Amino acid sequence: MNAPQLQWETQRAFLAVLRTGSLSGAARLLGIAQATARRRIEALEQSVGVSLFIRSPAGLLPTDTAKDLISHVEAMAVAANAFNRAASADTTLAGGTVRLTSGKLLGVEVLPPMLRSLRRDHPQLAIELSVSNRLQALARQEADVAVRIRRPVESTVVARKVGDLQVGLYAAPELLAEQGTPDTVAPPGTPTRWARH
């Protein structure tokens with residue numbers, strides 16, 4: 001038996017329902033009518049021969065089969081977005097919106113001056129910066145670029161080292177005058193010994 005020929009629009013509707021939990025939410029996300037979203041889900045269920053959602057008062061809950069398909073449809077969405085970006089890109093012009101996520105230290109202390117000069121050099125580029133220590137999944141399209149201190153573990157993410165971060169310990173002169181200068185760098189939770197000078 002031949003596998004059914006599935007259309008990306010039905011799979012997009014499936015992913016949108018997974019992300020929003022409802023047909024109305026999926027319709028808003030895709031910019032289509034709710035009836036169109038319903039028809040696409042019904043067409044997909046008919047193509048694969050199984051129900052993908054359980055209707056409940058809380059919304060549409062994915063069946064076990066739907067859960068098994070999540071990683072595949074997310075990978076398709078990443079590939080479709082990459083295709084659209086590559087097909088519509090003007091290779092001579094850096095522009096568009098880039099969603100960037102980073103931890104609080106980098107997002108507040110390190111990136112702002114870099115992003116300011118990047119925006120000055122490329123005014124057509126819009127940067128949406130999300131500052132959070134939560135590890136956002138690039139594969140789920142929560143961000144286009146993540147700047148992190150540790151290497152990601154997702155197999156679908158391309159990682160590159162972009163630099164070294166210099167970190168130092170600082171104290172107010174008043175504290176050092178009162179407590180002295182520490183004579184060791186102790187691990188967290190270890191009482192600090194201060195040396196009087």
Side-chain angles (χ1 to χ4, degrees), residues 2-103 107 111 115 118-119 122-148 152 154-158:
N2 291 334
Q5 293 298 310
L6 304 176
Q7 301 295 319
W8 170 233
E9 289 305 318
T10 62
Q11 292 154 328
R12 271 185 80 211
F14 170 66
L15 183 57
V17 172
L18 286 170
R19 289 179 174 167
T20 64
S22 69
L23 287 170
S24 59
R28 280 192 302 275
L29 186 64
L30 298 175
I32 59 175
Q34 184 173 336
T36 302
R38 179 183 298 108
R39 279 195 304 273
R40 289 179 182 175
I41 293 300
E42 289 170 353
L44 181 60
E45 288 177 329
Q46 186 176 4
S47 292
V48 296
V50 295
S51 293
L52 297 172
F53 295 98
I54 300 167
R55 279 74 179 164
S56 79
L60 295 178
L61 303 176
T63 62
D64 288 341
T65 301
K67 290 176 186 175
D68 290 341
L69 298 172
I70 291 173
S71 61
H72 301 295
V73 76
E74 285 179 341
M76 291 174 68
V78 170
N81 285 339
F83 176 88
N84 289 337
R85 282 195 300 269
S88 63
D90 180 348
T91 56
T92 63
L93 181 68
T97 300
V98 176
R99 294 172 300 170
L100 174 66
T101 180
S102 75
L111 290 177
L115 297 178
L118 182 65
R119 284 276 297 128
H122 303 283
Q124 302 85 0
L125 188 64
I127 300 169
E128 295 176 4
L129 176 61
S130 171
V131 178
S132 169
N133 285 329
R134 186 175 72 86
L135 292 176
Q136 292 173 291
L138 294 175
R140 292 189 182 130
Q141 301 176 332
E142 294 178 23
D144 299 309
V145 178
V147 181
R148 292 285 181 232
E154 297 160 304
S155 61
T156 57
V157 173
V158 176

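Worth saying up front: this structure is predicted, and the values here are computed from it rather than measured. Computed from heavy atoms alone, side chains included, the values below leave out hydrogens, waters and symmetry copies. Positions are given from 1, in the same order as the sequence printed here.
Pairs of residues two or more places apart, or lying in two chains, that qualify as ring-ring contact (aromatic ring centres under 6.0 Å, His included) and include a residue from residues 35-68 are F14-F53. Applying the salt bridge (Lys or Arg N to Asp or Glu O under 4.0 Å) test to pairs two or more places apart or on separate chains, none has a residue in residues 58-67. Sorted pairs that involve residues 22-43 and meet ring-ring contact (aromatic ring centres under 6.0 Å, His included), not counting sequence neighbours, are lacking altogether. Counting only residues at least two apart or on different chains, the salt bridge (Lys or Arg N to Asp or Glu O under 4.0 Å) pairs with a member in residues 41-62 are E45-R55. Residue pairs that meet the side-chain hydrogen bond (donor to acceptor under 3.5 Å, both in side chains) test with at least one member in residues 27-37, sequence neighbours left out, are T36-R39.
Listed by chain and number, the residues in a side chain to side chain donor-acceptor pair (under 3.5 Å) with T65 amount to none (sequence neighbours excluded). Legend: residues meeting side chain to side chain donor-acceptor pair (under 3.5 Å) with S24, ordered by chain and number and at least two apart, are S22. For R119, the side chain to side chain donor-acceptor pair (under 3.5 Å) criterion is met by no residue, not counting sequence neighbours. Every side-chain contact (heavy atoms from CB on, under 4.5 Å) that E9 has, sequence neighbours left out, goes to R12, R40. For the side-chain contact (heavy atoms from CB on, under 4.5 Å) test, residues two or more places apart in sequence or in another chain that qualify with L29 are A16, T20.
Between the OG atom of S51 and the CD atom of Q46 there is a distance of 11.5 Å, given to the nearest 0.5 Å. For the atom pair CG (L52) and CD1 (I41), the distance works out to 7.0 Å, reported to the nearest 0.5 Å.
Taking the side chain as every heavy atom from C-beta outward, L100 and L115 approach each other to under 4.5 Å. A heavy-atom distance below 4.5 Å is found between the side chains of E74 and L15. L18 is listed as a side-chain neighbour of P62, based on a closest heavy-atom distance under 4.5 Å. The shortest distance between side-chain heavy atoms of L44 and Q7 does not fall below 4.5 Å. Inter-residue side-chain proximity for V50 and T63 is flagged as unmet; no heavy-atom pair is nearer than 4.5 Å. Within the 4.5 Å cutoff, no side-chain heavy atoms of V147 are placed close to those of T101.
Across G107 and L129, no two heavy atoms sit closer than the pair O-CD2, 4.0 Å. Closest approach of A37 and A13 over heavy atoms only: O-CB, 4.5 Å.
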